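The structure appears below as structure tokens.
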Amino acid sequence: MKNKISIDPAVKELLPIAKKNKISTVWDRYEVMQPQCGFGSLGLCCRICWKGPCRIDPFGGGPDRGICGADAHTIVARNLIRMMAAGAAAHSEHGRHVVLALWGVSRGRFSAYGIRDEKKLLSVAQKLDIETENRDTLKIAEEVALKTLEDFQNQDHQTACHWIKTVVTDNHFNKLKDLHVLPHNIDAVVCQIMGRTHVGCDAEPANVVLGGVKGALADLNGMVLATELSDILFGTPSPVVTSANLGVIKENAVNIAINGHNPLLSEVICSIAGEMNGDAIDAGAPAGINIIGICCTGNEVMVRHGVPLATNYLSQEMALITGAVDAMVVDVQCIMPSISEIGACFHTEVITTMDENKITGATHVSFSEESAGDTARRILGLAIEAFRRRDAKRVNIPDIKQTAMVGFGVESIVAALAKLDEKDPLKPLIDNIVNGNIQGIALLAGCNNTRSVQDRSFETIAKNLAENNVLLLASGCGAGACAKEGLMTMEATEKYAGESLKAVLTSIGNACGLGGPLPLVLHMGSCVDNSRAVNLATALANKLGVDLSDLPLIASAPEAMSEKAVAIATWSVAIGIPTHVGTIPQVTGSSIVTDLLTEGTRDLFGGYFIVEPDPASAAGKLMDIIRDKRKKLGI
Ligand code: BF8
Ligand code: SF4
């Protein structure tokens with residue numbers, strides 16, 4: 001069983017230690033949960049009202065309608081779009097925090113923050129048609145924040161959110177407009193999904209799904225603004241060499257793991273940690289404070305500051321089982337509630353920080369933008385105290401880590417390409433796509449899931465596509481998987497890239513003075529940073545005068561798990577990208593919804609879902625799509 005759990009060697013090393021300590025992990029709980037409910041897996045269980053729960057018999061003979069009369073298609077569609085709404089809400093809450101922080105900074109509040117990247121502020125302002133000439137930086141920032149806040153406030157249904165217009169081609173924007181799926185207000189769209197799926201409302205499955213698509217596009221809007229404004233506040237990523245996997249935990253340091261998604265607190269922890277190094281040394285940790293990242297908070301600080309990544313979603317518990325994490329500080333999303341119990345088996349202080357995200361058994365230190373610095377100091381203090389309680393005999397840090405060159409946002413990719421063609425940086429990339437040196441572009445994104453062997457699908461698909469000369473971008477836990485597997489190195493390019501891809505990555509790398517190729521997989525950041533990949537792809541499409549659906553471009557979330565992933569995959573389809581998921585979506589109880597997602601969306605949007613749990617077969621199907629797109633483009 002063990003080798004079916006994860007390909008991550010650090011996980012394999014720690015599982016017996018978990019067992020010895022009688023700690024149940026996500027994999028143990030998965031096993032206990034078997035067999036999982038068939039009705040739920042098919043999307044056929046409805047709990048939307050208290051006449052229920054109702055379930056539809058997928059084989060016939062049993063109930064074919066819920067008590068209210070909703071059939072399988074209505075039930076499946078409603079369940080699905082409620083997931084999209086939750087995903088959109090999660091990303092957009094994150095975005096709202098960031099825009100409110102920027103607004104505060106622009107009015108001289110929140111001393112822990114400032115405008116770190118003025119150049120980005122100006123480029124964002126231009127995108128939003130905000131005047132920048134001879135204007136005070138903070139005034140521009142204020143206008144950017146206020147215009148962004150309109151995306152949460154606008155009540156005019158005819159006017160789309162501002163940000164979505166910046167990431168799709170004009171042609172596609174009009175297509176989405178004609179289909180009435182452009183969001184006008186993120187909050188209103190999420191609210192509408194909850195309303196239309198209440199008992200006795202929208203029962204026409206295609207209409208329900210299109211309502212969900214609007215929510216998914218609101219999710220995209222929320223992600224773009226979160227990424228772009230975070231860059232203004234915290235800096236735009238640029239290439240940096242760091243490392244990944246649990247070997248980044250140091251025996252002789254106070255180890256603080258930051259886990260979750262929202263960069264507002266983790267940024268301040270990173271910038272203040274240096275101040276308290278002396279205290280850590282006094283407490284007996286000669287290496288001072290060691291900040292390490294998990295999940296997307298980890299990805300955020302990794303691509304911006306080179307903070308090492310301890311691990312990705314599915315193995316967050318394993319970080320605690322090393323016995324050497326002194327504090328795990330969590331904010332929002334994808335945090336396993338089990339961590340407080342596991343932390344309690346050791347000396348680890350598990351600290352929740354957001355008032356709307358508490359965990360029983362954890363210490364809560366309430367975060368607010370006003371007092372971010374003090375909160376960070378208090379947390380660092382708690383970690384140092386916990387370090388004093390650490391039991392050296394229980395420390396088991398796997399000596400496993402990989403080098404990772406990360407930090408490839410659009411700006412840094414364009415800057416790298418500019419070394420080849422200063423005037424027209426996208427040209428070398430386009431030329432190489434046209435001449436076939438690069439066959440296509442793939443975005444590896446999304447979660448880990450206990451339904452798959454952890455990280456295996458990412459590794460298989462990445463190596464397979466790279467061998468076929470596909471340029472690889474990655475984000476979220478997919479990027480974490482690739483980093484841990486050593487795919488973000490020059491060596492990986494040498495070893496796994498097809499000859500022509502290798503040549504292109506080498507010429508760019510050499511032009512940048514790296515003395516070798518760019519890494520095989522380019523780490524773009526957290527899941528909200530999927531917007532970076534869209535920005536890059538749209539820039540290419542605009543330059544070629546085509547739509548995203550015409551490009552040899554695919555996305556893959558082979559181990560998708562969260563509601564956010566459902567939202568992301570749906571907007572990816574809606575903006576025209578063929579999108580692979582390796583987890584069977586909970587929709588197969590409805591032929592109408594299944595056909596709509598895998599076929600109908602192709603006519604409507606150009607994008608569609610490819611469902612294939614086997615990673616090698618998935619890679620084959622994705623290559624077929626890329627070849628087909630090339631053929632249609634005549635290249
Ligand atoms: O936002 S990939 S498991 S950590 S949901 Fe969560 Fe999924 Fe990881 Fe990043 Ni995204
Ligand atoms: Fe059952 Fe209808 Fe209520 Fe759903 S909404 S639980 S199908 S009665």
Side-chain angles (χ1 to χ4, degrees), residues 26 39 43-56 63-79 82-83 86-88 90-91 93-95 196-203 208 219 222-223 226-227 258-263 293-300 302-303 309-316 330-336 443-452 454-455 457-458 474-483 523-531 555-569 581-583 589:
V26 68
F39 296 104
L44 288 174
C45 167
C46 183
R47 290 188 303 103
I48 275 173
C49 88
W50 282 357
K51 297 196 296 306
C54 299
R55 77 243 177 282
I56 305 298
D64 65 353
R65 285 181 182 263
I67 297 167
C68 67
D71 67 9
H73 310 295
T74 301
I75 290 174
V76 166
R78 287 194 307 212
N79 286 339
R82 282 194 165 203
M83 295 189 88
H91 284 136
E93 271 302 288
H94 173 163
R196 75 195 294 163
T197 53
H198 182 273
V199 56
C201 294
D202 198 358
V208 175
D219 179 76
M223 292 172 76
T227 297
I258 45 182
N259 182 5
H261 282 76
N262 185 331
I294 296 180
C295 280
C296 281
T297 287
N299 286 321
E300 295 260 353
M302 187 189 209
V303 294
L309 185 79
T311 198
N312 53 356
Y313 170 73
L314 211 51
S315 37
Q316 57 186 281
V330 305
D331 47 74
V332 294
Q333 300 165 23
C334 303
I335 298 148
M336 293 188 191
L443 171 66
L444 300 173
C447 327
N448 287 147
N449 191 328
T450 32
R451 288 176 180 268
S452 329
Q454 185 193 16
D455 300 342
S457 305
F458 286 108
S475 64
C477 287
C482 295
H523 193 327
M524 296 201 114
S526 63
C527 289
V528 299
D529 296 336
N530 281 321
S531 60
S556 173
E559 303 177 24
M561 170 272 308
S562 73
E563 290 168 315
K564 293 179 293 167
V566 177
I568 293 173
V581 290
T583 311

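Both counts, for ligands and for their atoms, begin at 1 and track the order of listing. No experiment lies behind these values; they were computed from the predicted model shown. Values reported hereafter were calculated over all heavy atoms of this structure, with side chains retained and with hydrogens, waters and symmetry mates removed.
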>> Only heavy atoms of K564, strictly under 4.0 Å: list the atoms of ligand 1 that pass.
In response: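 Going through ligand 1 atom by atom, the ones under 4.0 Å from K564 are 1 (O), 5 (S).
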> What are the atoms of ligand 1, with element, lying closer than 4.0 Å to any heavy atom of C477?
Replying inline: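 Ligand 1 atoms under the 4.0 Å threshold to C477: 2 (S), 3 (S), 4 (S), 8 (Fe).
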>> For the 3.5 Å polar cut-off, considering only N or O atoms, please tell me whether H91 and ligand 1 meet it.
In response: no
> Judging by distance only, is a nitrogen or oxygen of Y313 under 3.5 angstrom from one on ligand 1?
Replying inline: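 No: no nitrogen or oxygen of Y313 is under 3.5 Å from one in ligand 1.
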Residue and atom name of the nearest protein heavy atom (relative to [atom]), distance in Å to one decimal:
atom	result
atom 4 (Fe) of ligand 2	C46 SG, 2.3 Å
atom 5 (S) of ligand 1	S562 OG, 3.1 Å
atom 9 (Fe) of ligand 1	C296 SG, 2.2 Å
atom 10 (Ni) of ligand 1	C527 SG, 2.2 Å
atom 7 (Fe) of ligand 1	C447 SG, 2.5 Å

> So, H261 and atom 9 (Fe) of ligand 1: N/O/S under 2.8 Å, yes or no?
Replying inline: yes
> atom 9 (Fe) of ligand 1 to C295: any N/O/S contact under 2.8 Å?
Replying inline: no
> Contact between S526 and ligand 1, counting heavy atoms under 4.0 Å?
Replying inline: no
> Should one rank G525, C334, A565 by closest heavy-atom distance to atom 6 (Fe) of ligand 1, which comes out on top?
Replying inline: C334
> What closest approach, in Å, do P558 and A445 show between heavy atoms, and which atom pair accounts for it?
Replying inline: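 Minimum heavy-atom contact is CD-O, 3.9 Å.
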> Which one holds for R78 and ligand 2: side chain close, backbone close, both close, or neither close, with close meaning a heavy atom under 4.0 Å?
Replying inline: side chain
